[in-house]
Amino acid sequence: MIVPEFIPKPYKSLLDSGYVAYSSPSNIALVKYWGKKEHQIPANPSISFTLNKCKTLTTLKFEKKTSKGFSFKVFLEGVLQKDFKPKIEQFFKRIEAYMPFLSLYHFTIETSNTFPHSSGIASSASGMSALALCLVHLEQRLNPEITKAFFNKKASFLARLGSGSACRSIEGTLIVWGTHANIAGSSDLVGIKYPYEVHTNFNKFCDTILLVDKGGKQVSSTVGHDLMHGHPFAEERFAQANTNMDALIEVLKTGDLAAFISIVEREALTLHAMMMSSDPYFILMKSNTLEIINKIWAFRKKTGLNICFTLDAGANVHVLYPQNEANEIRDFIKTSLVMHCQNEQFIEDTLGEGAQPIKI
Ligand code: PMV
């Protein structure tokens, strides 16, 4: 599948060498993407909050070369990462038609995260979006006519080909990816800014990420998405995601936090239920994940505060709450939940505005 819109016109000239750098955030889905078709097309629409502090910072150094094929080295926190090569090689292959200069340069990709790698925080989302942004930035230097809107659109399009959810990490604060009948402009190819009214209850919404298990992921998301092929509940799940998006449109408009909580927690548990009922099956929650969930429910019942949780494909818990309840909820998190985290580690984050270039 080739999308002509993203194929550039021949560049007038090439730069010999240089640097570009971008920082790109992670995102947390409210309605989850789980299951895909060929060419990284999602089986259902999803919507996410863009985070502010959880970021990948990437510098891309480029030097013209004469040899054939792709040539690159990847460093994470200054350490050469041979393990990352296959994923980036595959990414380059997928996007070469849209970035014809890829095989003309040797690249040094230097990357660091503001959160632990493979902590269950979507480092592939921030990592792939940061790399996609660096590449589009380089392209913009070869063709300065590229507009900001097209820059973001192309970065999202490329990021998706690296890791699906990465296409939701370019802009803030609420991003939709996947065609939905009632969301104008929504697309399977790129993430778009949520185009409708959002109630002030969601301004600067907070997410405290509890690092329950910082070990590597038990199941890669590639394997997880594949398990939705032939899954007995797949079609119902995809339909449910569409229905939940409709319900969320209303909730985002009215600011109904009780309804928000119900959608977000059901989505998280459904994602895990899909994994628990696939063949082979997995349980990605740990006993501490359940301890935390039960404590959140008890605290919500007792206080009436609008605290809820969501999960990615791992054991960590994202605790979501409105900003005007942050003081009480953060106290509760510190005194009652942090003890269930590995090394008591957690990250206090809020909604963010999206990726930014880094000045070097
Ligand atoms: O982008 P991927 O292929 O790593 O998939 C991520 C899927 C979830 O994080 C579990 C859900 C989502 O929508 O982000």
Side-chain angles (χ1 to χ4, degrees), residues 24-51 54 56 84 87-88 90-91 94 113 115 117-132 156-170 174-180 186 188-192 194 207 209 216-229 231 234 237-238 240-242 244-245 248 263-276 278 282-285 289 309-318 320:
S24 188
S26 184
N27 67 75
I28 181 69
L30 305 173
V31 172
K32 308 286 179 183
Y33 149 60
W34 198 243
K36 62 179 167 184
K37 304 175 203 162
E38 255 195 296
H39 308 295
Q40 300 277 99
I41 299 299
N44 64 260
S46 58
I47 183 166
S48 54
F49 277 152
T50 306
L51 298 182
C54 290
T56 297
F84 287 15
K87 181 127 195 179
I88 300 207
Q90 183 195 46
F91 176 51
R94 284 182 186 165
N113 293 327
F115 51 85
H117 174 62
S118 283
S119 58
I121 299 178
S123 62
S124 62
S126 54
M128 280 300 175
S129 54
L131 181 56
S156 178
F157 176 80
L158 297 180
R160 177 185 57 86
L161 293 170
S163 171
S165 59
C167 76
R168 298 189 313 235
S169 273
I170 308 295
L174 257 175
I175 303 293
V176 175
W177 168 42
T179 307
H180 185 271
S186 60
D188 286 344
L189 301 181
V190 294
I192 61 156
Y194 179 70
D207 178 5
I209 307 161
K217 278 193 190 173
Q218 231 189 83
V219 188
S220 74
S221 48
T222 310
V223 171
H225 291 295
D226 264 0
L227 291 173
M228 289 303 278
H229 291 292
H231 191 295
R237 160 61 199 150
F238 302 146
Q240 179 205 38
N242 278 280
N244 283 346
M245 288 289 277
L248 201 57
I263 296 168
V264 167
E265 291 191 347
R266 270 187 293 124
E267 275 289 321
L269 294 178
T270 304
L271 168 70
H272 282 251
M274 288 298 115
M275 280 177 258
M276 287 193 234
S278 57
F282 297 94
I283 300 182
L284 300 183
M285 289 187 245
T289 313
F309 71 87
T310 188
L311 308 164
D312 263 336
N316 297 333
V317 183
H318 288 249
L320 303 178

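Ligands are counted one by one from 1 in listed order, and the atoms in each one are counted from 1 as well.
- For atom 4 (O) of ligand 1, the candidate residues are Ser221, Ser169, Ser46, Gly314; the nearest heavy-atom contact is made by Ser221.
- Looking only at distances, a side-chain donor or acceptor of Ser156 sits under 3.5 Å from a matching main-chain atom of Gly191.
- Set against the non-hydrogen atoms of His225, the atoms of ligand 1 under 4.0 Å away are 2 (P), 3 (O), 5 (O).
- The heavy-atom pair separating Trp177 from Asp188 by the smallest distance is NE1-O, 2.8 Å.
- Formation of a donor-acceptor pair under 3.5 Å by the Ser186 side chain with backbone atoms of His180 is found in this model.
- Interface of Ala29 with ligand 1, defined as ligand atoms under 4.0 Å from a residue heavy atom, comprises 12 (C), 13 (O), 14 (O).
- Listed by atom number, the atoms of ligand 1 under 4.0 Å from Trp34 heavy atoms are 7 (C), 10 (C).
- Listed for the Asn44 side chain is a donor-acceptor partner under 3.5 Å among the backbone atoms of Lys32.
- Per-residue contacts place Ser124 under 4.0 angstrom from the following atoms of ligand 1 (heavy atoms of the residue considered): 4 (O).
- Residues Arg168 and Ala29 approach most closely at NH2-CB, 3.6 Å, considering heavy atoms.
- Shown in contact with Asp312 at under 4.0 Å from a heavy atom are these atoms of ligand 1, numbered in order with element: 9 (O).
- Every atom of ligand 1 is numbered from 1 in the order shown, and the set under 4.0 Å from a heavy atom of Gly164 is 1 (O).
- Close approach of ligand 1 to Arg168 is summarised as follows: ligand atoms under 4.0 Å from at least one heavy atom of the residue are 12 (C), 13 (O), 14 (O).
- Of all the atoms in ligand 1, the ones that sit under 4.0 Å from a non-hydrogen atom of Ser165 are 1 (O), 2 (P), 6 (C), 14 (O).
- Aromatic ring pairs are classed by plane angle as parallel below 30°, tilted from 30° to 60° and perpendicular above 60°; the pair His225 and Trp34 is tilted.
- In terms of polar-atom proximity, defined here as any N/O pair under 3.5 Å, Ser163 does make such a contact with ligand 1.
- In this structure, a donor-acceptor pair under 3.5 Å is absent between the side chains of Thr50 and Asn27.
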